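Predicted model only: the values in this text are computed from it and were never measured.
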Amino acid sequence: MNGRPNRPRRGRGRAQHGWRPQQEESEPHAGRPESDYQEPQGWGHPQRRRPQGDDRPEPWDRPQQEHWRGQRDKNRPHQSWRQRPEQDRAQPQNWRHRSDKEEERAQPDGTLKPKPDRQNQGRTQQPEQEEVQRPDGNPRGTCMAMCPRRELQDREAQCRLHRFEMLAGTEKDRRPKADPARMVKEYSRPAAGKDATLPSDLRPPAVLLKTVCYLIDEIAASLTLQPWTEVYSFVFDRLRSVRQDLIIQRASGPECVAILERTVRLLIYASQRLCGEPLQLFDPKINDTHLQESLSWLLESYCQEEDDAHTAEDEHEVRDSQGPTGTPKQGDGSHQSQYKNQEEFEALNLLYNLGCARVMQHALELPARVRSSPAVSLALAVSRAFCERNPVRLLRLAGRLDFLQGCALHRHLLAIRRQLLHLYSHGHSSRNCRYPLGHLARLLALAEPQKAERLCLAYGLAVSGECVGFNKADFLETPKEELRCASTHERELETDKKVAPIIHGHV
């Protein structure tokens, strides 16, 4: 032996796979009659005896899967489900004997009753809440309060009440009490295993509009609730929860538009009022993200209303054309929108996204009645001056804007004023040239010359007395000190008494 393991030779075990030695031609058919003998239907298959009248197909004539199933279980006949007798197909479980327990659970139709839930047997079963849906399949809220009762109890037990929601007199207690009249549903992120579509946790659009009005009148415009950064944080979170309920219910219509209009106004006002606050108290990036989302949703609602109106006009025209002669036509193309504030928010969109080509194209594609309105025409003129790099004309037109439009434009003012100083530094660059500081302050739309002087010094321009010396070599692309937008605009400052009328659109 050379140390190699004994391996079986090739060909061993052929008899186990149905191999049989071939018979010689001279050998008779082992005494069988010629009628019982059948030729094999393929190579390697055993020659076996088939009784007369057996017309079942051979295993090798069926698909391969059926053939191997028959090899695994030779006791079961080689019949597919469609080849079974009619009574077997009607009762597919008659091939297996039922146990006594299964016979007890048998029903008249032959099926079995479901097994009882032994795991929860003996425990109190909570009734399942009936899901309320609208005809379009979207969930519909049934909570008629600003905060669901379940959330009120949970937050009170976990001491997660905001001081604006506590019952008067219990603020300093170890476990403050919740005031149901002041409790507002807070925003919660979607989580695994949490059903956010329960009707008892969703508020209908009418209740959501009532909640938004409460947040504006009682919280944002309050003179006693200070500081305003905390007021903004509370209102911002509750407005986010309102938009979440609107999205889950796929809400639309006048109430949804009214909610979005007040939300956009409040966020625009906050972006102007809190622009100089520290980042931990006010994040302009997060405020801008939610403002853009709400504004886009609002403008889409306006466009959807326009499309529905045009579709109705087309149907009227088709119906009138098929009617009798002399029938007056209904649609003349002069549709009046049911939303009277569309022009206001189209103008705010242009001013807030100044210089955006997509927004400019959207404004130019508006209907003529909207595009020719005073607010949209003025906003288009401001956008055109910005695209033409004419900051003097832009700041002159900015003086004609109302308060909320000025709040929408204010975040671009610092860059516009820098552009004006850059142009004047190159256009009036001379050693002997002296430009009046007061006139420059009026061009920069600044009421005080001291603020214009600070702005010039920040960009490296020489100021001597009441004159400014422009030199393109001294102009700095990056200012020496950090400039805050709040230090350059004072025209937009308003008292808290005007907050509610501004956000409701009464100014």
> Closer than 3.5 angstrom, by distance alone: can the side chain of Arg371 be matched with the main-chain N or O of Leu366 as a donor-acceptor pair?
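Checked: pair present.
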> Show the numbers, then the answer: is there a side-chain hydrogen bond (donor to acceptor under 3.5 Å, both in side chains) between Arg243 and His290?
CA-CA 10 Å; Arg243 294 197 303 274; His290 290 271; 2.8 Å; yes
> Check Arg434 against Cys467 and note the closest heavy-atom contact, atom names and distance.
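Of all heavy-atom pairs spanning Arg434 and Cys467, the closest is CB-CB, 3.8 Å.
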> Working to the nearest 0.5 Å, report the span between CD of Glu255 and CG of Leu260.
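So the gap between those two atoms works out to 12.0 Å.
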> Using the benzene-type ring in the case of Trp, are the ring centres of Phe236 and Trp228 under 6.0 Å apart?
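Between Phe236 and Trp228, the centre distance exceeds or equals 6.0 Å.
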> So, do Ser200 and Cys143 sit near enough that their side-chain heavy atoms are less than 4.5 Å apart?
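Side chain of Ser200 against side chain of Cys143, heavy atoms only: no contact under 4.5 Å found.
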> Let me see the working for Asp288 and Tyr352 under side-chain hydrogen bond (donor to acceptor under 3.5 Å, both in side chains), right down to the final yes or no.
CA-CA 10 Å; Asp288 174 70; Tyr352 190 80; 2.8 Å; yes
> Phe470 vs His428 aromatic rings, parallel, tilted or perpendicular, using cut-offs 30° and 60°?
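Geometry flag for His428 against Phe470: tilted rings.
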> Can you find a pair of side-chain heavy atoms, one from Ile259 and one from Thr263, that are under 4.5 Å apart?
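Yes. Closest side-chain heavy atoms under 4.5 Å.
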> Find the distance between CG (Leu409) and CD (Gln272) and round it off to the nearest 0.5 Å.
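Here the rounded value is 11.5 Å.
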> Not counting sequence neighbours, which residues clear salt bridge (charged side-chain N to carboxylate O under 4.0 Å, His left out) with Glu343? List them please.
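Listed in chain order: Arg369.
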> Donor-acceptor check, side chain of Arg238 to backbone of Tyr187, threshold 3.5 angstrom: yes or no?
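Judged by distance alone, no pair lies under 3.5 Å.
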> Give a yes or no on whether the backbone of Leu444 and the side-chain of Arg417 come within a donor-acceptor separation of less than 3.5 Å.
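Side chain of Arg417 to backbone of Leu444, a donor-acceptor pair under 3.5 Å: yes, one is there.
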> Is there a donor-acceptor contact under 3.5 Å from the side chain of Ser377 to the main chain of Ser373?
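Flag set: sc Ser377 to bb Ser373 pair under 3.5 Å.
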> Side-chain contact test, heavy atoms from C-beta onward, threshold under 4.5 Å: evaluate it for Ser271 versus His410 and give yes or no.
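Ser271 vs His410: side chains touch.
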> For Glu261 and Asn341, which I'm curious about, is there any donor-acceptor pair between the side chains at under 3.5 Å?
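Yes, Asn341 and Glu261 have a side-chain donor paired with an acceptor closer than 3.5 Å.
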> Evaluate the side-chain proximity of Glu171 to Pro176: yes if any heavy-atom separation is below 4.5 Å, no if none is.
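Not in contact.
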> Once you round to the nearest 0.5 Å, how far does OG of Ser429 lie from CG of Asn471?
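These two atoms lie 4.5 Å from each other.
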> Look only at the side chain of His426 and the backbone of His422, and say whether a donor-acceptor pair between them is shorter than 3.5 Å.
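Pair found, side chain donor or acceptor close to backbone of His422.
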> If I take atom SG from residue Cys407 and atom CD1 from residue Ile502, how far apart are they, to the nearest 0.5 angstrom?
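Rounded to the nearest 0.5 Å, the SG-CD1 separation comes to 7.0 Å.
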> Tell me if the CZ atom of Arg163 is crowded by more than 12 foreign heavy atoms within 6.0 Å.
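Atom CZ in Arg163 is packed in, count exceeds 12.
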> Side-chain contact test, heavy atoms from C-beta onward, threshold under 4.5 Å: evaluate it for Phe403 versus Lys498 and give yes or no.
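No, side chains not in contact.
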> As an exercise, state the distance from CG of Asn349 to CD of Gln292, rounded to the nearest 0.5 Å.
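Rounded to the nearest 0.5 Å, the CG-CD separation comes to 7.5 Å.
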> Heavy atoms only: give me the nearest Ile268-Ala408 pair and the separation to one decimal.
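That closest heavy-atom pairing would be CG2-N, 3.8 Å.
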> For Cys147 and Lys185, which heavy atoms make the closest approach, and how far apart are they?
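Scanning both residues, the minimum pair turns out to be CB-N, 3.8 Å.
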> When rounded to the nearest 0.5 angstrom, what is the spacing between CG in Leu274 and OH in Tyr232?
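Result: 7.0 Å between the selected atoms.
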> For side-chain contact (heavy atoms from CB on, under 4.5 Å), just list the numbers for Leu443 and Tyr424, CA-CA rounded to whole Å, side-chain angles, deciding distance to a tenth of an Å, and then say yes or no.
CA-CA 11 Å; Leu443 293 178; Tyr424 272 54; 3.4 Å; yes
> side-chain contact (heavy atoms from CB on, under 4.5 Å) between Ile416 and Leu354: does it pass, once the steps are laid out?
CA-CA 11 Å; Ile416 294 170; Leu354 193 65; 4.2 Å; yes
> Tell me the closest heavy-atom pair linking Leu152 and Pro180, and the distance in Å.
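It is CD1-CA, 4.1 Å.
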> Does the side chain of Glu365 come under 3.5 Å of the side chain of Gln361 through a donor N or O and an acceptor N or O?
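The criterion, which ignores hydrogens and geometry beyond distance, is satisfied for Gln361 and Glu365.
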> Testing the basics here: between Ile216 and Ala500, what is the closest heavy-atom pair and its distance to 0.1 Å?
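In this case the closest contact between Ile216 and Ala500 is CG2-CA, 4.1 Å.
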> Using atom types as modelled and distance alone, determine if a side-chain donor or acceptor of Ser296 lies under 3.5 Å from a backbone N or O of Glu293.
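Judged by distance alone, no pair lies under 3.5 Å.
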> Please tell me if the side chains of Gln244 and Arg240 come closer than 4.5 Å, counting only heavy atoms from C-beta onward.
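The answer is no, as the side chains (C-beta and beyond) never meet within the 4.5 Å cut-off.
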> Are the side chain of Asn353 and the backbone of Cys356 linked by a donor-acceptor contact shorter than 3.5 Å?
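A pair under 3.5 Å: no.
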> Do Thr170 side-chain atoms and Leu167 backbone N/O form a donor-acceptor pair below 3.5 Å?
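Yes, the answer is positive, given that a donor and an acceptor are paired below the 3.5 Å cut-off.
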> Answer with yes or no whether the side chains of His362 and Glu346 bring together a donor and an acceptor at under 3.5 Å.
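Indeed, the side chains of Glu346 and His362 share at least one donor-acceptor pair under 3.5 Å.
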> Apply side-chain contact (heavy atoms from CB on, under 4.5 Å) to Arg400 and Leu378, showing your working.
CA-CA 8 Å; Arg400 297 164 49 187; Leu378 181 58; 3.9 Å; yes
> Judged by atom type as modelled, is there a donor-acceptor pair below 3.5 Å linking the side chain of Arg454 to the main-chain atoms of Gln450?
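No; zero donor-acceptor contacts below 3.5 Å.
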> Consider only side-chain N and O atoms of Arg273 and Tyr269, and report whether a donor and an acceptor are under 3.5 Å apart.
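Arg273 vs Tyr269: donor-acceptor pair found between side chains.
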> Test: side chain to side chain donor-acceptor pair (under 3.5 Å). Region: residues 146-155. Which pairs qualify, not counting sequence neighbours?
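Found Arg150-Asp201, Glu151-Arg155, Arg155-Glu165.
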> For the residue pair Thr211 and Val184, establish whether any side-chain heavy-atom pair is separated by less than 4.5 Å.
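Yes; the side chains approach each other to less than 4.5 Å.
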> Start with the C-alpha distance between Leu215 and Phe234, add both sets of side-chain angles, then the distance that settles side-chain contact (heavy atoms from CB on, under 4.5 Å), and finish with yes or no.
CA-CA 9 Å; Leu215 293 174; Phe234 175 80; 3.9 Å; yes
> Using a distance-only test with no angle check, is there a side-chain donor-acceptor pair under 3.5 angstrom linking Asp217 and His504?
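His504 and Asp217 do have a side-chain donor-acceptor pair below 3.5 Å.
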> Name the one of Leu161, Asp173, Asp179 that satisfies side chain to side chain contact (heavy atoms under 4.5 Å, CB included) with Met166?
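Only one of Leu161, Asp173, Asp179 forms a side chain to side chain contact (heavy atoms under 4.5 Å, CB included) with Met166, namely Leu161.
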> Under 3.5 Å, side chain of Arg203 to main-chain N/O of Met146, donor-acceptor pair present?
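Yes, Arg203 side chain to Met146 backbone: donor-acceptor pair under 3.5 Å.
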> Below 4.5 Å, heavy atoms only, C-beta onward: do Leu380 and Val376 meet side chain to side chain?
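Touching, per the 4.5 Å side-chain cut-off.
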> Could you pull out the closest heavy-atom pair between Val231 and Leu225, with the gap in Å?
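Smallest interatomic distance, heavy atoms only, reads CG2-O, 3.4 Å.
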